[in-house]
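Following: one structure in structure tokens, then a few remarks.
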Amino acid sequence: MNEQQLQTLLEQMTLDEKAGQLIQLATPFLKGSSDGGQITGPMEGMGINEKVVENTGSVLGASGAKEIKNIQKVHLEQNRLGIPLLFMSDIVHGYKTIFPVPLAVGCSWDLDLAEKSAEAAAVEASVSGIHVTFAPMVDLSRDPRWGRVMESTGEDAYLNSEFARAFVRGFQGDFENDNQRVASCVKHFAAYGAAEGGRDYNTVDMSEWQLRENYLPAYKAALDEGCEMVMTAFNILNGVPSTGNKDLMRELLRKEWGFNGVLISDWGAVKELIPHGVAEDEKEAARKALEAGVDIEMMTECYINHVQNLVSEGILSESLVDEAVLRILKLKQKLGLFDNPYRGADEKLESELILSDNHRATARELAAKSAVLLKNDGALPLKKSQKAALIGPFAESHDILGPWSWLGSKEDTITLDRGIRSYAKDVQIAEGSGIDSGSSSQIQSALKAAHEADVIVLALGESSDMSGEAGSRTDIRLPESQLDLIQELKHLNKPIVTVLFNGRPLDLHGVIDESNAILEAWYPGTEGGQAVADLLYGTTAPSGKLAMSFPQSAGQIPVYYNHYNTGRPKNAPDAQERYVSQYLDSPNGPLFPFGYGLSYTTYSYSDVSLSSQVLKEGETLTISSKVKNTGDVAGEEVVQLYVKDLSGEVVRPVKELKRFERVYLKPGQEKEISFTIDESDLRYYHSNLEYLSDAGDFKVFIGCDSKANNSASFKLVK
Ligand code: NOJ
């Protein structure tokens with residue numbers, strides 16, 4: 001169908017049919033679905049009758065070629081104009097082959113591999129009939145109490161933007177011509193990651209300056225990469241819920257950024273305008289969301305029940321409804337659904353491509369690159385000849401896929417004990433403790449297993465429902481029963497290698513001093529147990545670097561690397577002892593900073609050299625350092641470039657990540673790593689929100705993490 005034909009189709013639609021395109025229903029509402037199709041109590045309560053279902057535009061959460069083809073077939077028989085359904089699902093870090101959670105992927109600093117994982121997810125999803133994924137989630141967050149930090153790639157606007165682009169490339173590819181890719185929906189617009197106190201769905205209040213500096217860039221990057229859709233956020237932003245926020249979506253997203261794709265509400269967020277207290281009733285909620293530019297209402301009924309009246313009473317112009325419907329029809333057309341409503345859905349390809357060796361290999365590589373070695377006094381790597389005791393609630397757990405792995409299965413998951421057994425046959429295993437409760441008999445069996453061993457591998461962490469949506473915590477230490485277990489084992493005076501499975505940076509009190517080595521494995525996915533074992537036994541050297549700081553304690557939150565100086569910085573040469581910006585009972589800095597991660601080898605960096613001491617507008621500056629592997633094993637180092645603007649019109653962060661590169665180095669090998677920047681890399685938002693650079697002095701740093709102090713200076717001349 002061409003543009004003109006879509007317009008003609010729109011003209012044939014009744015207002016009810018148009019409103020139908022604007023609602024998204026979950027699979028059980030749809031006829032032809034295996035578990036539904038009946039109008040039951042709750043649906044009736046929503047005003048959802050058979051006619052509404054027949055007119056529905058899109059479906060949430062369906063999976064499987066057979067099921068989706070059937071729903072589509074039945075729908076097309078009933079829909080008067082034969083408009084196909086759009087199938088959307090949360091394919092966040094894999095369909096059935098589950099990759100590490102996005103926060104872990106952020107720690108890989110490997111954009112190509114991130115793209116490859118998204119492509120694999122798209123292939124599996126599209127042969128299963130899915131057209132759109134609700135990903136990437138790019139909400140910048142500086143608060144590990146918020147359970148959804150595991151869904152984003154961390155605390156930095158630049159790193160998040162680069163990953164946003166990589167994910168969009170991977171999911172979408174050339175989806176208009178390639179049935180094995182999906183359209184992608186960036187979320188949650190906007191600033192959901194800044195929820196007060198880290199409590200999910202909570203208030204967000206920030207200056208527009210801060211919003212533009214740090215929180216908006218990753219959404220924009222996804223859209224610049226061609227991302228088709230945007231999802232609203234649950235939070236209010238500066239007093240107005242995002243889902244009814246005209247300034248945010250009509251003005252900024254649509255007018256300023258020129259986004260003309262489909263904007264969908266988050267689940268129930270249109271109706272939530274009522275409890276937020278900005279709409280009296282469903283009718284007002286519908287009006288506000290439509291006026292703000294929300295095309296699809298996910299899972300509530302404000303549009304479907306009120307669009308008709310809003311238009312007939314002259315409160316809402318029908319052109320606003322038409323505009324939204326047309327955007328949805330266009331997306332259906334781009335996906336080729338008018339020509340082939342079943343698109344990529346194909347049972348045969350499902351059996352060939354899902355969990356293919358290729359996809360599993362990518363999952364294994366990415367899991368290995370995502371894990372971060374936080375501490376090592378030489379206990380790692382393990383030797384096959386060592387007798388290991390594998391202890392802890394994650395020793396044999398399948399719960400290593402993480403939130404948003406609803407299609408991943410237990411049978412397909414390689415657990416840690418399986419991975420370790422591929423290296424060492426003689427392993428004693430004991431649970432030692434449950435996730436958050438333990439018994440003395442569990443501890444006794446753990447002590448027994450540990451007694452005979454040369455080394456204790458302690459697999460600890462959070463169950464996956466302790467993070468993710470609605471997974472906020474105020475105390476981000478490991479649960480007490482696990483801390484008790486480690487204390488008991490400590491008495492044995494044997495080396496303890498702790499492997500952590502969790503979805504957020506943790507407070508490591510009770511773990512850090514007690515462990516000889518700590519490997520942060522996050523939720524590593526389908527191949528997780530194997531990838532972690534590969535790292536523990538040194539087949540692969542750890543190379544992950546933190547995409548989010550680990551605080552000393554929850555009391556320090558937010559703690560992030562690119563903070564501003566105060567007028568009384570603690571480290572100033574003339575700083576007083578007391579009257580400086582500091583805590584009396586904790587360092588200011590995190591336990592582990594952004595960018596940090598150890599390996600089984602070490603690297604040295606030569607002094608930073610510059611192609612010039614002066615950077616002029618229109619020219620480029622090359623910044624280099626020679627990086628050498630000074631250890632005995634090969635490794636991959638993530639070389640990081642940071643910039644500091646010494647004086648600005650508004651305050652500038654103490655450091656800002658500008659470039660990075662993953663480099664493979666054999667023992668003794670040295671490579672010169674060069675980064676090129678220009679004036680545009682030095683722009684920032686001024687107090688009047690203009691995005692400009694200022695002439696003046698800058699410092700650049702090249703190093704292994706955000707603490708790098710290997711620096712050189714240059715001047716920007718304009
Ligand atoms: C709510 C979540 O906030 C969002 O990320 C997700 O895409 C939708 N539910 C649909 O499952």
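When a ligand or atom number is given, it counts from 1 through the structure's own listing order.
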Checklist entry - Got an N/O contact under 3.5 Å between Trp267 and ligand 1? => result no
Next on the checklist: Polar contacts were defined as any N/O atom of the residue lying under 3.5 Å from an N/O atom of the ligand; does this apply to Lys187 and ligand 1?
Outcome noted: yes
Next on the checklist: Does the residue Met137 have a heavy-atom contact with ligand 1, meaning some pair of atoms that are separated by less than 4.0 Å?
Outcome noted: no
Next on the checklist: Looking at every heavy atom in both Phe99 and Gly94, which two are closest together, and how far apart are they?
Outcome noted: CD1-CA, 3.9 Å
Checklist entry - Looking at Thr27 and Leu60, what are the two nearest heavy atoms and their distance? => result OG1-O, 2.9 Å
Tell me the protein heavy atom at minimum distance from [atom], and give that distance in Å.
atom                    : answer
atom 5 (O) of ligand 1  : His188 NE2, 2.6 Å
atom 8 (C) of ligand 1  : Asp266 OD1, 3.3 Å
atom 10 (C) of ligand 1 : Asp90 OD2, 3.2 Å

Checklist entry - Hey, what's the ring geometry for Tyr219 with Phe189, parallel, tilted or perpendicular (30° and 60° as the breaks)? => result perpendicular
Next on the checklist: Over 60° means perpendicular and under 30° means parallel, so tell me whether Trp146 and Tyr192 are parallel, tilted or perpendicular.
Outcome noted: perpendicular
Give the contacting part of [X] toward ligand 1: side chain, backbone, both or neither, where contact means a heavy-atom distance below 4.0 Å.
X      : answer
Glu151 : neither
Trp404 : side chain
Met299 : neither

Item to check | salt bridge (charged side-chain N to carboxylate O under 4.0 Å, His left out), paired with Glu323, selected from Arg254, Arg250, Lys330 | outcome: Arg250
Checklist entry - Can you find a heavy atom in the side chain of Leu86 that is under 4.5 Å from one in the side chain of Val132? => result yes
Next on the checklist: Can you see whether Ser242 engages Asn245 through a side-chain donor-acceptor pair at a distance of less than 3.5 angstrom?
Outcome noted: no
Item to check | Contact atoms of ligand 1, heavy-atom distance to Phe134 under 4.0 Å | outcome: 7 (O)
